[in-house]
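Structure, as structure tokens:
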There are 2 protein chains.
Amino acid sequence: MTRAQRAVLGALEGATGFLSAQDVHARLRDGARPTGLTSVYRALALLAESGAVDTLRTTTGESTYRLCRSAGHHHHLTCQRCGATVELEARSVERWIDQVASAHGYRVEGHTVELTGHCPRCQRRRTATAAR
Amino acid sequence: MTRAQRAVLGALEGATGFLSAQDVHARLRDGARPTGLTSVYRALALLAESGAVDTLRTTTGESTYRLCRSAGHHHHLTCQRCGATVELEARSVERWIDQVASAHGYRVEGHTVELTGHCPRCQRRRTATAAR
DNA sequence: TTAGTTGCAAAAAGTTTGCAGCACG
DNA sequence: CGTGCTGCAAACTTTTTGCAACTAA
């Protein structure tokens, strides 16, 4: 594992939700040994490929990354305001998927299930910012 | 409705699955009255906003668009090989979502559910191409 | 005439690649 | 020494914006 990969991993460990490559880079800029944007991208690509991090694409076209806490396949429930994320084991969703698929004669290979909303904390101290 | 919007709608009507803005533009290039890429983007943005088309982001970062057959909120089951798409009413998924969310104390604002696989036809005459 | 549409060219924004230098074994 | 990591700068891709010309009522 390269230095860049360790640094990126460290940045992701310190994060609550998903970080874009640029976010990661920003966090590393102030450290003792800054990491170039190029290396951040390269490290993220490798980590994603190895399954150590999840990748998500935002509606604005950025790729975002997050450390996988739970191994294996799972889904996310992300707070729009603070970025807090819950990983969901979605056995029941997957059951539904199989059902729906076979009803249409499809064999399902992959699926995306992502939920966004507001976490308990942000619901209480709701002030502004709240998105569409 | 502008000429560009009509042209874009026409292109989407002739498509089986999702088209990127560039795809739409390519299809219109050979017509009697080509439409500029700029206008394609503008038309797609307006159509998406008005709910006439769905938007999806590919893993490669392109936005893709497809005519909405059914009104209202729904999800997609897309064939990876031929692009055929089934629109799903996902009442049961949404029920699950509410359940999961309240279990974690979240209030859910939005969700993404997309399924990919192989349609009945492509399963039969399966040859190659099959992805990840 | 005038408000709105069009599309070229250029700018943005995010990501990837070429390449020379550096580090470490 | 040499292999491979690093990071600057430049290229690339997709999308957006400025602006002058055009279109249609």
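Order of the sequence lines sets the chain letters (A, B, ...), proteins ahead of strands, with each chain counted from 1.
- Using a 4.5 Å heavy-atom threshold, the side chains of B/Glu94 and B/His75 count as touching.
- Within the 4.0 angstrom heavy-atom criterion, base atoms lie near B/Thr38.
- A side-chain contact (heavy atoms from CB on, under 4.5 Å) with B/Val8 is found for one member of B/Val53, B/Leu67, B/Leu47 and no other, namely B/Leu47.
- Atoms CG and OH, on B/Leu46 and B/Tyr41 in that order, are 15.0 Å from each other to the nearest 0.5 Å.
- If you walk DNA chain C from 5' to 3' and mark each nucleotide with an atom closer than 4.0 Å to a heavy atom of chain B, the marks span C/dT5 to C/dA9.
- Judged as a side-chain contact (heavy atoms from CB on, under 4.5 Å), and not counting sequence neighbours, the contacts of B/Ala4 are B/Thr2, B/Thr35, B/Ser39, B/Ala43.
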Derivation of the side-chain contact (heavy atoms from CB on, under 4.5 Å) call for B/Trp96 and B/Val113: CA-CA 12 Å; B/Trp96 170 79; B/Val113 176; over 6 Å; no

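- A/Ser20 comes within 4.0 angstrom of nothing in the nucleic acid, heavy atoms only.
- In 5' to 3' order, the nucleotides of DNA chain D bounding all contacts with chain A (an atom under 4.0 Å from a heavy atom) are D/dC5 to D/dA9.
- Residues forming a side-chain contact (heavy atoms from CB on, under 4.5 Å) with A/Val86 (at least two apart in sequence, or on another chain): A/Leu77, A/Leu88, B/His104, B/Tyr106.
- Rounded to the nearest 0.5 angstrom, A/Glu87 CD and A/Arg66 CZ are separated by 5.0 Å.
- Residues from residues 41-52 of chain A with heavy atoms under 4.0 angstrom of DNA chain D, sorted by number: A/Arg42.
- For the side-chain contact (heavy atoms from CB on, under 4.5 Å) test, residues two or more places apart in sequence or in another chain that qualify with A/His25 are A/Leu37, A/Val40.
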B/Leu12 and B/Leu44: CA distance, side-chain angles, deciding distance, side-chain contact (heavy atoms from CB on, under 4.5 Å) verdict: CA-CA 10 Å; B/Leu12 290 177; B/Leu44 284 170; 4.2 Å; yes

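- The shortest side-chain heavy-atom distance between A/Pro34 and A/Leu28 does not fall under the 4.5 Å cut-off.
- If you check every strand for non-hydrogen atoms under 4.0 Å, B/Thr60 touches nothing.
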